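Worksheet: the structure to be examined is printed underneath.
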Amino acid sequence: MAYNVFQYFSVAVAETEYIMIDIKFLRENPEVVKQNIRNKFQDSKLPLVDEVIELDKKSREFKQEADSLRAEKNKIAKSIGALMAQGKKDEAEAEKKKVAEFSERLAELEKLEPEYAEKIKTIMMTIPNIIDPSVPIGKDDSENVEIERFGEPVVPDFEIPYHTDIMERFDGIDLDSARRVAGNGFYYLMGDIARLHSSVIAYARDFMIGRGFRYCVPPFMIRADVVTGVMSFAEMDAMMYKIEGEDLYLIGTSEHSMIGKFIDQMIPEKTLPQTLTSYSPCFRKEKGAHGIEERGVYRIHQFEKQEMIVVCKPEESPMWFDKLWQNTVDLFRSLDIPVRTLECCSGDLADLKVKSLDVEAWSPRQKKYFEVGSCSNLGDAQARRLRMRVQGENGEKYLPHTLNNTVVAPPRMLIAFLENNLQADGSVLIPKALQPYMGGQTKLVPTK
RNA sequence: GGAAGCGUAUCGAAGCGGUCAUAACGGCCCUGACUCGAAAUCAGGUAGCCCGCAAGGGCUCGUGGGUUCGAAUCCCACCGCUUCCGCCA
């Protein structure tokens, strides 16, 4: 079945470029682009490469013809101006007639130009970003590759209840009220559990500030052109809530407003790298494959997150990628939660991304790891879409690379926290690092 | 929500039908001179994109349309920003 490039067009299309790679690169390296598509198991897109090359060729031919006609027209218009100034009206009239001769062909070409540009753009939007050579090749998430484990995944000799059951022992969650008020996928956190939630965010904030990141509270709503600048149509459709009657969307993560911060900006090279950590609530439709079927606070429409983003020189992005995920691992380890890193294989990697890995926390209840964070290198794709450029020290301008990573996202993170810190007597130990944020408490004791 | 003003290069800003878009003027930045070095001063340079081997050409004055031989400049619509008033945590 041919890939339907129009399937995501239900959302409004603004003027932004939605493409992920430079068409010049595609023109010069069609085989690289095709191999990349094969690596991502999107073979149905393969014919699009030759198709877009053909369209691009024709488009440039039309453009060339139109350009020379326009050049001719400009020349004549200029000479008319001169003749008028000298009062030679008859000669000016004769020149006017000349313009009419080719204005028809020019009008034809001027209609074709945007038509071809649109066709090219439509295809280019679906050509995925070139993945990093280090990305393991695989069809889907079942072929993601475990990179490294940190900490001992312990299975205690007593039973670990489902996370909402743990929370209920502390009278810490009210899903019934949440359903009445907002529906499935929302929650009330109560008492010490709510406090724990805020403590984790506050601790994570200070943790990142301690690592030299600049703290930022961004807008929680953004415009459509920022949305399309930071994510693909598929993601947008599955994730973003739109405000009715306004050109505003609720952010799905503060990455959106943090990378969007640089839209249309010329960034002085000496201000790089920009290393920022931001707090925000996040809103997601979760319309995709999983939906909201999981019970509890694992997959929800609203959560809070401490995020980190980096804007840097292209050659530095692999280095920052490693630093970023290391931060998350270190944070979880500082709270005694075992984690592992799982590299996203080619087929599971979003089209915009160059490389991505998940940080997963240990669940002693499920006896497996589950995702608590995601670290991505977007290469220059977001920069291209958002028209953010760097002004180099020696005058040249180039696209920076952008990266983002979760520091911590409760309440999901609380699942890992509660499960790993639960004691046989039903109490939950508060790790030293978190105690100052919990009013000095060393453990939480169940109320029922 | 009401009123007014504004959207021009990396920034500020002039231009208000052809002689002002290789965009005045100024700032930033770069190079050179002077200096032991720096500051100050002086001189010069500094838009992006597209097509083209090149020469060269085209496009871009918020966006889209209109008038015109010709639009940054006139007209219409839309978008955005600012200020004042109103409302408000």
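For the numbers below, each heavy atom of this structure counts, side chains included, while hydrogens, waters and symmetry mates do not. So you know, we letter chains A, B, ... as the sequences are listed, proteins then strands, and number each from 1. Since this is a predicted model, take the numbers as computed values, not measurements.
Between the C1' atoms of B:A21 and B:G48, the separation comes to 13 Å (whole Å). Straight-line distance between the P atoms of B:A13 and B:G27: roughly 15 Å, to the nearest whole Å. Spacing between B:G65 and B:U10 at atom C1', rounded to whole Å, works out to 31 Å. For the C1' atom pair drawn from B:C81 and B:G62, the interatomic distance equals 10 Å after rounding to whole Å. For the P atoms, the distance linking B:U8 with B:G15 amounts to 14 Å, nearest Å. Taking atom C1' on both B:G26 and B:G80, the two are 27 Å apart, rounded to the nearest angstrom. Taking atom C1' on both B:U73 and B:U19, the two are 15 Å apart, rounded to the nearest angstrom. Comparing B:G64 with B:C28, their C1' atoms are spaced 34 Å from each other, to the whole Å.
Partners of A:D22 according to the salt bridge (charged side-chain N to carboxylate O under 4.0 Å, His left out) rule, which considers only residues two or more places apart in sequence or in another chain, do not exist here. Scanning for salt bridge (charged side-chain N to carboxylate O under 4.0 Å, His left out) contacts around A:E307 gives A:K305, with sequence neighbours left out.
A straight line from CG of A:D247 to C1' of B:C78 spans 13 Å, rounded to a whole angstrom. One interatomic measurement links the two molecules: OH of A:Y116 to C1' of B:C51, which rounds to 17 Å at whole-angstrom precision. The nearest whole Å value for the distance from the CD atom in A:E28 to the P atom in B:G52 is 10 Å. At whole-Å resolution of the value, CG in A:L399 and C1' in B:G48 are 12 Å apart. Rounded to an integer number of Å, the gap from A:I222 CD1 to B:G80 P is 15 Å. In this entry the distance linking CD1 of A:I263 with P of B:G62 reads 18 Å, nearest Å. Between A:R389 atom CZ and B:G48 atom P there is a gap of 8 Å when expressed in whole angstrom units. Look at CD1 on A:I120: it is 12 Å from C1' on B:C50, rounded to the nearest Å.
Using the Watson-Crick or G-U wobble rule with both distances under 3.5 Å, B:A47 pairs with B:U60. Nucleotide B:U67 is matched to nothing when pairs are restricted to Watson-Crick or G-U wobble geometry with both distances under 3.5 angstrom. Under the Watson-Crick and G-U wobble criteria, each requiring two contacts below 3.5 Å, nucleotide B:A14 is left unpaired. Across the strands present, B:A3 finds its partner in B:U83; the criterion is a Watson-Crick or G-U wobble pair with both atom distances under 3.5 angstrom. Pairing for B:G52 is absent, judged as Watson-Crick or G-U wobble with the two contacts each under 3.5 Å.
Salt-bridge annotation for A:K119 and A:E51: absent, with no side-chain N of the basic residue lying under 4.0 Å from a carboxylate O of the acidic one. At a threshold of 4.0 Å, the pair A:R169-A:D165 does not count as salt-bridged, since none of the basic side-chain nitrogens sits closer than that to a carboxylate oxygen.
Side-chain nitrogen and oxygen atoms of A:K397 include at least one within less than 4.0 Å of the OP1 or OP2 phosphate oxygen of B:G48. Contact check, A:R27 against B:C51: a side-chain N or O comes under 4.0 Å of OP1 or OP2. Residue A:R60 places no side-chain N or O under 4.0 Å from the OP1 or OP2 atom of B:C50. For A:R387 and B:G62, the shortest distance from a side-chain N or O to OP1 or OP2 is not below 4.0 Å.
Each of A:D22 and A:R223 has a nearest nucleotide on RNA chain B; the 5'-most of these lies closest to A:D22. Along RNA chain B, the nucleotide nearest to A:D264 and the one nearest to A:D56 differ in position, and the one closer to the 5' end is contacted by A:D264.
If you check every strand for non-hydrogen atoms under 4.0 Å, A:K24 touches sugar and phosphate atoms only.
Relative to the ring axis of A:Y162, A:R295 places its NZ or CZ within 45° and under 6.0 Å from the centre.
For an aromatic pair to be called close, the ring centres must be under 6.0 Å apart, and A:Y116 with A:F62 satisfies this.
Proximity of A:C282 to A:S254: side-chain heavy atoms (C-beta onward) are nowhere separated by under 4.5 Å.
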Where protein sits on nucleotides 26-31 of chain B, one letter per nucleotide: B base, S sugar-phosphate only, - none, heavy atoms under 4.0 Å: ------

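With its glycosidic angle within 90° of 0, B:C20 is assigned syn.
The side chain to side chain donor-acceptor pair (under 3.5 Å) with A:R211 is formed by just one residue from the set A:D206, A:T275, A:D330; it is A:D330.
Neither side chain, A:N405 nor A:E255, offers a donor N or O lying under 3.5 Å from an acceptor on the other.
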